[in-house]
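Below is one structure, written out as structure tokens, with a few remarks after it.
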Amino acid sequence: MAVSMDKLVALCKTRGIIFPGSEIYGGMGNTWDYGPVGVEIKNNIKRAWWKRFVQESENSYGLDAAILMNARVWEASGHTTSFSDPKMDCKKCKTRHRADTLIEAHSKGKVNPDGMTNEEMETYIREHEVHCPNCGGFDWTPIRTFNLMFETSRGVTDESQNKIYLRPETAQGEFINFLNVQRTTRAKVPFGIAQIGKAFRNEITPGNFIFRTIEFEQMEHQWFCKEGTDQAFYEEYKTRAMQFLLDLGFKAEHLRFHDHEKLAHYARAACDIEYLYPMGWSELNGIHNRTDYDLTRHQEYSGKSLLYVDPVDNSRYIPYVIEYSIGADRLMLAVLSEAYDEETLEGGEIRNVLRFHPAIAPYKAAVLPLQKNLSEKARAVEKLLKKRFFITYDEAGSIGKRYRRQDEIGTPFCITVDFDTLENDTVTVRERDSMRQIRLPIQELTAFLDEKISF
Ligand code: GAP
């Protein structure tokens, strides 16, 4: 069921999924804190991605590079000169906006500002009388470009301080460690390097909840391959990226490819997978054929050879790179929107459910004693299962209310301990989506949950 963004934000707060950042100090734009339920969901998303693209992938290796890097990295990557957004201020209400976003919103996505110069964007905004989305005014400053990188400094004394940056993407860590990984794993091209980590961007535009934030996590995978094989791998990664989402339970009609018409000068192909978010279709992840651009630039700027030596024919070359990049927080927003459901039960009662894939659900099961005097046995079941799974326990209120509470945070199974449990060591297991119940011996619970949550 489609959910509005306001509803999603409100339910995330009340269910301990996501809280507004720095809330008791009046908040801080485009920052969010993950609560006890949210952190489990996000960890499960990252685990599922890592399992698919590192653990189960042939010839892919993990990395956790530093957030702070030598500033030359960002010169080589081009971020210091061209990682900027075209910003305009509304003179009336003093809010700041991205010119390209204003054009996209005004044209309802029909005009793609990607290829426009600043002058062309200013002309469009003037001629189409694009008003300020905040106050409705029509009095803009000219476009100015702002670099999106957060700067900080490093040094012992004020005089010796050097400007450094919080990384705006994790990808450069993979590029600069390309030979370290290749040599230590003895990987042969083609091979991949994957990384999950924080990235920071001084985003000014309204974020649409966790869709666009100033601090976020990226899950990036760079596939190093020989020129000539690159386009086939690009197509393969498109398929793999889409399949990952479908396997997580996304409906095919909520996803679509958006092939880029205008490419960066070094790119051979690029596309996004878009998702139908509460605010409409928007980017979820990107897949790019980046050619040998990044490694060539790092070789040039570092003065260190990044040539790969082919062990079969001794040829030396800089590999091409297929990049697959997805934001963990943006995927979290898509997962939450996709899982949200309001089911009308017989009799008209509304049941709120988050229908997560069990692998993504924050708790795999809730242990519920039918009555409080069964808590000792129920606690023993909880203790047994906690060794293997995230389990929650609830003994407050009627069993019906407790089931609903678990439905609301997407717990796939409720395990009820009743008086028969004391006699024969069996429990009732209720499944979230169908609400069907089965009876199982306690000793079979671990295998049962293992099978159900596998991804
Ligand atoms: N290394 C390539 C790269 O960073 P990108 O399209 O700028 O490409 C990749 O970012 C992904 O990171 C996006 O598809 C999106 O999922 C996520 N992302 C980018 N900016 C974000 C932001 N401000 N907030 C949350 N997620 C973001």
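In each ligand, atom 1 is the first atom listed, and ligand 1 is the first ligand listed.
- Ring pair F244/F53: centre-to-centre distance below 6.0 Å.
- Looking at K238 and D259, a side-chain N of the basic residue comes within less than 4.0 Å of a carboxylate O on the acidic one, giving a salt bridge.
- Protein residues lining ligand 1, listed by chain and number: E169, A171, R201, E203, F211, R212, T213, F216, Q218, E220, E283, L284, N285, G286, E323, S325, I326, G327, R330 [non-hydrogen atoms, distance under 4.0 Å].
- Ring centers of F209 and W32: under 6.0 Å apart, within the cut-off.
- The line from OG of S454 to NZ of K51 is 7.0 Å long, rounded to the nearest 0.5 Å.
- Electrostatic pairing of K92 and D139 does not count as a salt bridge here, judged by no charged N lying under 4.0 Å from a carboxylate O.
- Distance alone, capped at 3.5 Å, places no donor-acceptor pair between the K108 side chain and the A105 backbone.
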